[in-house]
Amino acid sequence: MNDQKLDSLLAEAFGELHTPEELAAATADAVRKASFVPAKRLIRTRLVAAIAACLVLLAAIPSGIYLYNDVTTVVSIDVNPSVELSLNRFDRVLSARGANDDGAALLASVPVVGLDCEEAVRLLLADESIRQAASEANRVEIVVASLSDGDTSAIQEKIRSASAAASCPCNCSSATADELQAANEAGLTVGKYRAYTALQEAGIDISLDEVRSMTMHELHELADEHGIELEHDQNQGGNAEHGSGNGQGNEHRTGRP
Amino acid sequence: MGRYADMVWHICLLHASQRSDAQDAFQNTFLKHLTHEKPFESDEHEKAWLIRVAINTCNDQHKRSHRNDDELPEGLQSATLDQPGGELSDVLDAMAKLPRDQRDALYLNAVQGYTAEEIARLMGSTTGTVYSWISRARARLKEALR
């Protein structure tokens, strides 16, 4: 049997496999229920949206539209806790999410929404939970991703200043918008997603849930055990000298048998 | 949900050790689709997103249930066809016996028409590895169907 015949057979076989009607109906029902918004919440949501729209219009006066609420850059901080900051074009934090439980707890105690990213990163790196984890792991990974693949060097400079002010060294690198999207779809920060894909490519069986629960130090230890190098474009902040990389986030992975 | 439902169902069947797991993964995938905030750039983008999320959902489910990696996807083996026991059943049974990565790669290539490079991006692997998976999968299927 040649490849074409085999592929044709496969296409025909899977073409006969349809989603069971009861499963499709149950799923449609589940989706419908999940998308239902109670009337009170809908009214409140619409009111908040209307107020936000007015604020955007006011911010647009006298000329042009400032697009204050557009997310242009995402900064992910990984040591465990893991957090992700969404910034606007003015480097202000529009939103912050914890990528794991420790990250969520950190953000609950250190509110950073509305702050400039340098101040936000300084406050987070100065928090006891990060300092303790950093001292154990000796590694805080910060990845900066521009949604339009723009230049992130200015933000990386702010992060280096913040880590110096917090006396908390970090490895800072950049990522592409595609990497960010892939990481979000996997439910991981970019730093952890890079480690996950590198480990997977080297044939190490590890799940996304396991990666989420591991610290960056543990992921690097696992990589080291299998002879895999996870090297990032090293732009160290804190007490180290400033790096000279161009922030392209190039990784060099090697796997030894 | 309609346009890509069968594709997501196939992926869940390719991964799940039990049919009930495939059903759960199918539903969870479309619930995640509901909560996806950013608009998709195109139909192809949406399709690729669903494939990645379906595979990740199945993998997470597999790990949570501590199932053995060697367990065959029972759901695929027991899939109902118009002609059970015929050539089409045989090819599905043979697919079920392939290693997981080879199954995914061959399905995405032969049934969904993705190139090895596209599959490498979807599965977080390299093009060379994907070519290898597809080649080995085809060889094993041909041997099984002789």
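Every chain is numbered from 1 and lettered A, B, ... according to where its sequence line falls, protein lines coming before strand lines.
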Margin query: I'd like to know whether B:H15 forms a side chain to side chain donor-acceptor pair (under 3.5 Å) with B:D104, so could you lay out the CA-CA distance, the side-chain angles of the two residues, the decisive distance to 0.1 Å, and finally the verdict.
Written below: CA-CA 9 Å; B:H15 280 259; B:D104 286 345; 2.9 Å; yes
Notebook entry, point to check: Which of the residues A:A26, A:A186, A:S8 is involved in the greatest number of heavy-atom pairs with chain B at under 4.5 angstrom?
Noted result: A:A26
Notebook entry, point to check: Which distance, rounded to the nearest 0.5 Å, do you find between the CG of A:L23 and the CG of B:D24?
Noted result: 9.0 Å
Item checked: Among B:N59, B:D101, B:V111, B:T57, residue most engaged with chain A (heavy-atom pairs, under 4.5 Å) -> B:V111
Checklist line | Under 4.5 Å from any heavy atom of chain B - which part of A:L6 | finding: side chain
Margin query: I'd like to know which of B:T35, B:N56, B:N109, B:V53 tops the heavy-atom pair count under 4.5 Å against chain A.
Written below: B:N56
Next item on the list: Could you tell me which portion of A:N184 (side chain, backbone, both or neither) has an atom closer than 4.5 angstrom to a non-hydrogen atom of chain B?
Entry: side chain
Checklist line | Salt-bridge criterion met for B:E46 and B:R3 (N-O under 4.0 Å) | finding: yes
Margin query: Heavy-atom pairs under 4.5 Å with chain A: which of B:N28, B:L31, B:T129 has the most?
Written below: B:L31
Check: If you draw a 6.0 Å radius around CZ in B:R136, do more than 12 non-hydrogen atoms from other residues or ligands fall strictly inside?
Finding: no
Note to self: For B:R52, which atoms come within 4.5 Å of any heavy atom of chain A: side chain, backbone, both, or neither?
What the structure shows: side chain
Margin query: Angle between ring planes, A:Y193 versus A:Y196, binned at 30° and 60°: parallel, tilted or perpendicular?
Written below: tilted
Notebook entry, point to check: Any side-chain donor paired with an acceptor under 3.5 Å for B:H45 and A:Q181?
Noted result: yes
Checklist line | Within 6.0 angstrom of A:D101 CG, more than 12 heavy atoms from elsewhere | finding: no
Check: Of the backbone (N, CA, C, O) and the side chain (C-beta and beyond), which part of B:R121 lies under 4.5 Å from a heavy atom of chain A, both, or neither?
Finding: side chain
Next item on the list: Between chain B and each of A:E12, A:E185, A:M1, count heavy-atom pairs under 4.5 Å; write down the option with the most.
Entry: A:E185
